[in-house]
2 protein chains.
Amino acid sequence: MSVNLREHIEKIVPLTDDEFAFVLSHFTSKKLKKHQFLIQEGDTVDHSWFVVSGLIKASHTDESDKEHILQFAMEDWWVSDYQAYHYKTPATLSLSCLEDTEVLCLSLENSEKLCSELQKAEHFFRRKANFGYVALQQRILSLLTTSAKERYEQMLKQYPSLFQRVPKTLLASYLGVTRETLSRLSS
Amino acid sequence: MSVNLREHIEKIVPLTDDEFAFVLSHFTSKKLKKHQFLIQEGDTVDHSWFVVSGLIKASHTDESDKEHILQFAMEDWWVSDYQAYHYKTPATLSLSCLEDTEVLCLSLENSEKLCSELQKAEHFFRRKANFGYVALQQRILSLLTTSAKERYEQMLKQYPSLFQRVPKTLLASYLGVTRETLSRLSS
DNA sequence: AGAAGCATTTGACCTACATCACAAATATAC
DNA sequence: GTATATTTGTGATGTAGGTCAAATGCTTCT
């Protein structure tokens, strides 16, 4: 459903029906089943995705086969391997679906076209990027300043729904601890 | 010197002389001595700064008085408390000069005006924000996946000049370890 | 419904890094 | 140029969280 996208954008810039139709014409839609991949490490990444429904994890697997989760993307979130996307390098992240998921796909080419054709779009994406930057700074600060336990409690407060939808193992690897440690923390 | 700024912008969008003059008219300039603050925690933040020369540290001090460094900003870097800046909340960071420093100041108001008047400016800031986002993601991944020693070596490779300019105590608090640990790592 | 595969908990032990304390070496200021 | 502060190094000891291993619960698939 593109209603989500429209509401999402209009939180930042109001659009006329025509403008939204124009924006939407730059997207395609895609449905994925649980366990399917949007990208795998090494892939070329020329899309960014807006999650309409479902849940995606963005993760990197290190040399010793440990998975580190950079982001969970649920309804109304954007996700991609933005390094690979912006710099046109091979993906170092993999994106996989933790639930059946529907996304709207925006290619880099269409994104640039859209931004140059409609300043409101460029404005929207600038703001999104600014807010995203702030959110990541917060996460860095929280990794630097707080213990695993505090981060766990913080997350529990901020995204309670994740605890229903995601196995603890994955939450642990988002928080930067092992599943054993997380298990001991929650008791 | 505004030459720095022009070259910096033109890495992303070419500008005519008139356009650059227009851009520059939105900035003011400011010189600070070592140890002066650009902002302190609690302040209102309505500017973002482009460092022409010198060196600034952006840091947060936690309840137990430990300082955590989020960013060093040297020549050609942008710095602010972007959370406070974009969300108009009181600063949670303080920005202070580690050397005599010259900055170009862009108020939020002028920034928005500039972006709406000149699409090239909006495009520039969108790209900067995108690249900044990617850089922070990398830092998060490095905090999640690597040991203090690896982070130290990585930093040594990426920003060798910092090691001349900044006391080790501060590097340690950027890397997320104590100065004692850093000292032991480097031997 | 039963088998096969995940997810979670708990225990014993280990390691990277923190903390505290003090000494030596450099800066900075009067 | 001596005094005061700041920075750095090193030792002894503490602790959060990691690793490995085994037991028990849950899903999911046929």
Side-chain angles (χ1 to χ4, degrees), chain A residues 32-37 54-55 57 59-69 72 96-101 140-156 161-187, chain B residues 32-37 54-55 57 59 61-69 72 96-100 140-156 161-187:
Chain A
L32 298 117
K33 293 265 167 218
K34 186 167 175 172
H35 296 129
Q36 278 193 285
F37 287 90
L55 181 58
K57 76 159 191 251
S59 65
H60 171 74
T61 301
D62 68 21
E63 321 77 50
S64 38
D65 261 327
K66 287 206 310 195
E67 182 181 42
H68 304 273
I69 296 186
F72 293 106
S96 80
C97 300
L98 300 177
E99 303 174 354
D100 293 355
T101 295
I140 288 171
L141 217 44
S142 123
L143 286 168
L144 289 177
T145 62
T146 68
S147 67
K149 176 155 210 170
E150 289 170 286
R151 270 176 273 142
Y152 171 78
E153 281 157 5
Q154 168 60 27
M155 191 184 195
L156 194 59
S161 70
L162 272 184
F163 288 71
Q164 264 62 61
R165 297 168 74 176
V166 167
K168 300 276 169 65
T169 312
L170 298 183
L171 296 179
S173 91
Y174 176 89
L175 292 169
V177 294
T178 59
R179 79 204 148 71
E180 292 95 329
T181 297
L182 185 68
S183 163
R184 285 185 252 262
L185 289 181
S186 26
S187 48
Chain B
L32 298 118
K33 294 265 166 218
K34 185 167 176 172
H35 297 129
Q36 278 193 285
F37 287 89
L55 181 58
K57 75 159 193 252
S59 65
T61 301
D62 67 21
E63 319 78 50
S64 39
D65 260 327
K66 287 206 310 193
E67 182 182 43
H68 303 271
I69 296 187
F72 292 107
S96 80
C97 299
L98 301 177
E99 303 173 355
D100 292 356
I140 288 172
L141 217 44
S142 123
L143 286 168
L144 289 177
T145 64
T146 68
S147 67
K149 175 154 211 171
E150 290 170 284
R151 271 177 274 144
Y152 170 77
E153 281 157 5
Q154 168 61 26
M155 192 186 194
L156 194 59
S161 70
L162 273 185
F163 289 72
Q164 263 62 60
R165 298 168 73 176
V166 168
K168 301 276 168 64
T169 312
L170 298 183
L171 295 179
S173 92
Y174 176 88
L175 292 170
V177 293
T178 59
R179 74 194 166 73
E180 293 95 329
T181 297
L182 185 67
S183 163
R184 286 185 250 263
L185 288 181
S186 26
S187 48

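Below, each value reflects all heavy atoms present in this structure, side chains not excepted, and no hydrogens, waters or symmetry copies. In what follows, chains carry the letters A, B, and so on, assigned in the order in which the sequence lines appear, proteins first and then strands, with residues in each chain numbered from 1.
- Between B/R165 and B/G54, the shortest heavy-atom distance links the atoms NH2-O, 3.1 Å.
- Annotation: side chain of A/T169 is not in contact with side chain of A/L182 (no heavy-atom distance under 4.5 Å).
- Put simply, CG on A/L98 is 14 Å from C1' on C/dA7, counting in whole angstrom units.
- Between B/L175 and B/M155, the closest side-chain pair of non-hydrogen atoms falls below 4.5 Å.
- Taking atom NZ on A/K168 and atom P on D/dT27, their separation rounds to 12 Å, with Å as the unit.
- In this structure, CZ of B/F163 is placed 15 Å from C1' of D/dT8, rounded to the nearest angstrom.
- Applying the side-chain hydrogen bond (donor to acceptor under 3.5 Å, both in side chains) rule to B/S96 yields no partners; only residues at least two apart in sequence or on another chain are considered.
- Side-chain contact of B/E150 with B/S147: a donor-acceptor pair under 3.5 Å is present, judged by distance alone.
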Each nucleotide in nucleotides 16-29 of chain C should get exactly one letter: B, S or -. Can you fill that in based on protein heavy atoms under 4.0 Å?
-SSBB-------S-
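- Over its full length, the helix from C/dA1-D/dT30 to C/dC30-D/dG1 turns its helical axis through 60°, comparing axes from the five pairs at each end and rounding to 10°.
- Not one N or O on the side chain of B/S183 forms a donor-acceptor pair closer than 3.5 Å with the backbone of B/R179.
- Taking atom NZ of residue A/K33 and atom P of nucleotide D/dC29, one finds them 11 Å apart after rounding to whole Å.
- Using a 3.5 Å distance cut-off with no hydrogens or angles, the side chains of A/E67 and A/S59 do pair a donor with an acceptor.
- Taking atom CD on A/Q164 and atom P on C/dA7, their separation rounds to 16 Å, with Å as the unit.
- No side-chain heavy atom of B/F163 sits under 4.5 Å from any side-chain heavy atom of B/V166.
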